[in-house]
Amino acid sequence: MEAIKMVRLGIRLWSYVREEASHGRKAPIDPFTRESCKPSASQGVPLGGMGSGSISRGFRGEFRQWQIVPGTCDSSPVMANQFSVKLSSSTCLLVDALFLIFVSRDSGNKKYASVLAPGRHEGLGKARDEGISSWGWNLSGQHSTYHALFPRAWTIYDGEPDPELKVSCRQISPFIPHNYKDTSLPTAVFVYTLVNTGRERAKVSLLFTWANSIGGVSHLSGDHVNEPFMTAKGNPPVTFAIAACETQNVNVTVLPCFGLTEGRSVTARQMWDKMMQDGQFDRQNFNSGPSMPSSPGETLCAAVSASAWVEPHGKYPGLDFCDIASIMRLAYNQFITDERPQHESNATRNFTLQCYRKTAVISVSGSCYPYYVFLVQRYTKFYGTSERAALNLAHDALTNYKRWEEEIEKWQSPILNDQRLPEWYKFTLFNELYFLVAGGTVWIDSSLPSTNVKNDQDSPEDAQRVDVKVTEAEVNRRHTTISEYSTTSGCNGSTGDGLKNNSDPAVTQNKRNSNNLSEHFKWQDQLDDYDDVGRFLYLEGVEYIMWNTYDVHFYASFALLDLFPKIELNIQRDFAKAVLSEDGRRVKFLAEGNYGIRKVRGAVPHDLGTHDPWNEMNAYNIHDTSKWKDLNPKFVLQVYRDFAATGDMQFGVDVWPAVRTAMEYMEQFDRDDDGLIENDGFPDQTYDAWTVHGVSAYCGCLWLAALQAAAAMAEQIGDRFFAETCKTKFCTAKSAFEKKLWNGSYFKYDSGSSSNSKSIQADQLSGQWYTASSGLAPLFDEFKIRSALQKIYDFNVMKVKGGRMGAVNGMHLNGKVDETCMQSREIWTGVTYAVAANMILAGMEKEAFATAEGIFIAGWSEEGFGYWFQTPEAWTMDGHFRSLIYMRPLAIWGMQWALSIPKAILDAPKVNMMDKILISPATFSLSLTETGVRKIANKAKCFGNSVLHCAC
């Protein structure tokens, strides 16, 4: 049966992928094209801060995993970007970005040169070529080691290429918790430390080269120009800068332009020969004019060299290089649509070189993509959008990186020095944060300009005019009124926004112009004015191109809440707004081939979209997620946890109408009035291939936890009636849940009669995880919680390769893996971390670390599958993976949260779910009393930033 369903889904998905491609759009899920998603055993710590694109640097020294344009990922290294070292004993390296080293000794008898990248790399030509294959790729790697602790990495070249020289490269990116400025910067710094163990002085020249490219084959598109100065001709869309810091003892020189083939005045071979002979470039290069534009198929590169003398038995503390990706308004910080402007032509990029405050800088800029919707990256709030931004970023990075390191060490030291924690856990905890940089993150400034975006989601044969309607709860004295408005748009969005929110009461008085996005974003912009940290997106994964996938964010959000709580709150505000919105455009759901509308009011969206985030939500179209049973409870649970952790009453007021609406929406799924929601016989949950019948352990437990969280939040907001309603329903639902699912040692998968209804699900207590993480009372007796977790540990964990792979999702009582479907037999990395966090909260730390260690062994250790810095969503017992570079493994920060529950959570007001009043009828009401409203209005000053309206 599973095979038949998957075949049908595959056929519909193939048709959908082709249809999207015909409109110039990429489908959010495309299992048929995976060439850019192959695992690489050489993956390393990514460069830069959050939300402005990323480039990863493999431990072999190559720059790879290019994610400059949101939603696109090119995993291939660009072999012209390298570091090299010349030692008269020296080394040199070049790949799209490369470091090379050149070393010479005083006697002149010893010279060494090599690219700082061990081994012979793929894609290199013959050594006699004029390109980078003519360089010295001499490192064997036998004496080189790589150490990673995100956001830093260390590469040690011990006696390579000069046996009497030890070279250490320290890579630093400004990922600093609670620092919402520096963390947004697209920059990284490389600090080289040199130790001369020989008897002679050594002149060491380090060379940093960069190709005029943004990954893939973009370096071949032609019309690229390298310039020695920043010019005033417009604002090119992308600017890269590489820089070196010149001091009294460090001499910095540059080569503004060289090519990889004959035809250029300087080729890669000639550049290498020059460095071999002199160890530096000519100073007059700073005064050279703009280069000739490159021809199609030609690659243009540039290089920065820093040279210093290292005394015998001496140490030179630092040669500082900086890599900047300063992306302007047309490429790095935009979203691709299928519309091309008339002026589109070949990509144009400029390399620019300048000496600025003793910082030699080369920058490269250009555009090579179709039309983009303008979304300004957050760092431009501090540096602007001109070409000058790259220079200023380079200077500031080289000036401030020591402070960044101090702040990083201050953050990490308490955990690294905690003797109670296993060593593997400490570095896995930090290294899993790579996803917040390399997970396609986009961090923009708050304001969004008006634009028209064409939407070709609907198939031509389904073209129709649809109503997009939003309702709003407006507080008016003692009564709640529902104001509605509607707009009409074509199916392709050519005359409308598609999705609106009428949060300003004045907006309800008339129909809105359907092209006016400024009103569409008014509510969010007001919130950002209150606490302006911009707006944040990150992908579900590089293979699942959907922004802020909410059922997965449920697991990953602990990282953001712990490290960047203001970002986390704004994500929840985005979803609160979405709950109150409706988008009536017709969508085909691929699992069954049926049709529905894109977004239903009251339902939490699966994601914020792909091509037009915040406006065209629910890019996921496998199932109708308005019928999923886990999204709404997850919204309520996350909101309450964040509310309790931050103590932010304004946030609570802002999102409360959406919380209440989300709870009311779920009432329709209680088919038998026992207070419990029932699943509908299809995969209506985050396990979207695993069918559920009746009451389920996963969704039912989430619902119980949501009732408790909603009651606690309602009491603090002042909605006493709603709080008591939730308490009453909780007591009824809890009794029904235990009666239908508890079998004496764990909660069954569901209450149905299928072959897997009695399976042991690893994630059966997900609701209890959030309850305990939020400081609320346990959902069940301690015995039942510990018994279920012990059963999971004994069966789902230990019966799979002796606990060395993580927790399998489903397991039968006979010790065999549940083979019902693909997902039941998978091990989900993020879920395993979540189960471990739940164990910690239940006082089972030994079992918790043993459970999570399986993910480390299989994914991060040398004996595992080699998935470091690309942790997949899932793997099977034979090591096959699904969906590399995935969001959910950030759930390891749920473990850290459990180990150190914030004081605000511990001190939060408690709610006694058994302390209830009789309510008749026991139904949800939309009314809010004036007393409750005024009570919160006084605390939060005014409702001006919320969906609610008041006249105070």
Side-chain angles (χ1 to χ4, degrees), residues 149-150 177 411-436 552-565 568 637-638 641-642 645 705 762-775 778 785-786 788-790 792-793 796-798 803-807 809 827-861 867-868 871 873 886-903 905-906:
L149 187 68
F150 180 88
W411 157 46
Q412 293 182 336
S413 291
I415 295 174
L416 296 176
N417 295 330
D418 191 336
Q419 299 300 317
R420 302 171 302 165
L421 303 177
E423 290 302 310
W424 67 262
Y425 168 79
K426 296 175 184 179
F427 80 76
T428 308
L429 176 72
F430 291 115
N431 284 337
E432 288 285 17
L433 289 172
Y434 84 94
F435 188 83
L436 290 177
V552 184
H553 180 69
F554 174 78
Y555 297 85
S557 58
F558 283 91
L560 284 175
L561 179 59
D562 198 350
L563 306 177
F564 301 98
E568 165 64 12
L637 288 171
Q638 288 183 74
R641 178 205 57 190
D642 297 353
D763 217 0
Q764 63 184 268
L765 289 179
S766 191
Q768 169 59 30
W769 171 38
Y770 255 72
T771 293
S773 297
S774 304
I785 295 172
R786 291 180 63 94
L789 290 173
Q790 189 65 50
I792 293 167
Y793 178 74
N796 301 62
V797 178
M798 297 308 296
R804 299 177 68 80
M805 292 194 72
N809 285 335
I827 296 161
W828 284 15
T829 53
V831 168
T832 298
Y833 287 141
V835 170
N838 215 346
M839 291 175 174
I840 292 172
L841 292 163
M844 301 168 62
E845 286 194 18
K846 179 181 177 181
E847 292 84 353
F849 284 115
T851 296
E853 189 177 11
I855 302 300
F856 162 75
I857 293 172
W860 287 87
S861 74
Y867 294 142
W868 43 80
T871 314
E873 155 77 318
Y886 197 77
M887 180 196 297
R888 204 181 321 248
L890 284 170
I892 192 173
W893 280 85
M895 294 179 65
Q896 189 60 28
W897 185 271
L899 289 166
S900 53
I901 296 284
K903 187 174 185 297
I905 290 286
L906 298 175

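Because the structure is predicted, anything quoted here is derived from the model rather than measured. Count residues from 1 along the sequence.
- Between the side chains of Asp763 and Tyr555, at least one donor N or O lies within less than 3.5 Å of an accepting N or O.
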Apply side-chain contact (heavy atoms from CB on, under 4.5 Å) to the pair Ile901 and Leu841, showing each step before the final yes or no. CA-CA 9 Å; Ile901 296 284; Leu841 292 163; 3.9 Å; yes
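- Across all non-hydrogen atoms, the minimal contact from Ala852 to Ala836 is CB-CB, 4.0 Å.
- Residue Met839 holds its CE atom at 13.0 Å from CH2 of Trp769, rounded to the nearest 0.5 Å.
- Checking Ser557 against Arg641 by side-chain atom types alone, a donor-acceptor pair falls below 3.5 Å.
- Environment of CZ in Arg804: sparse, with no more than 12 heavy atoms of neighbouring residues, nucleotides or ligands closer than 6.0 Å.
- Between Ala559 and Leu433, the shortest heavy-atom contact is CB-CD2, 4.0 Å.
- In this structure the side chain of Pro902 reaches within 4.5 angstrom of the side chain of Trp897, judged on heavy atoms.
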Apply side-chain contact (heavy atoms from CB on, under 4.5 Å) to residues Phe554 and Leu637 and explain how you reach the verdict. CA-CA 9 Å; Phe554 174 78; Leu637 288 171; 4.3 Å; yes
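- A side-chain N or O of Tyr833 and one of Glu432 form a donor-acceptor pair less than 3.5 Å apart.
- For an aromatic pair to be called close, the ring centres must be under 6.0 Å apart, and Phe427 with Phe150 fails this.
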Verdict with reasoning, Leu421 to Leu899, per side-chain contact (heavy atoms from CB on, under 4.5 Å): CA-CA 10 Å; Leu421 303 177; Leu899 289 166; 3.7 Å; yes
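- Between Thr871 and Tyr434 there is a side-chain heavy-atom pair separated by less than 4.5 Å.
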Evaluate the side-chain contact (heavy atoms from CB on, under 4.5 Å) criterion for residues Arg888 and His553: first the C-alpha distance (whole Å), next the side-chain angles of each, then the deciding distance (0.1 Å), finally the verdict. CA-CA 7 Å; Arg888 204 181 321 248; His553 180 69; over 6 Å; no
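- Of the residues listed (Thr829, Val831, Ile892), the one engaging Ile855 in a side-chain contact (heavy atoms from CB on, under 4.5 Å) is Thr829, and it is the only one.
- When each of Phe435, Trp411, Trp860, Tyr425 is paired with Phe430, the ring-ring contact (aromatic ring centres under 6.0 Å, His included) condition holds for Trp411 and for no other.
- Relative ring orientation between Phe849 and Trp424 is described as perpendicular, the plane-to-plane angle rising above 60° on a 0-90° scale split at 30° and 60°.
- Note that the CG atom of Asn838 and the CD atom of Gln764 stand 9.5 Å from one another [nearest 0.5 Å].
- In terms of the salt bridge (Lys or Arg N to Asp or Glu O under 4.0 Å) criterion, residue partners of Lys903 (sequence neighbours excluded) are, by chain and number, Asp907.
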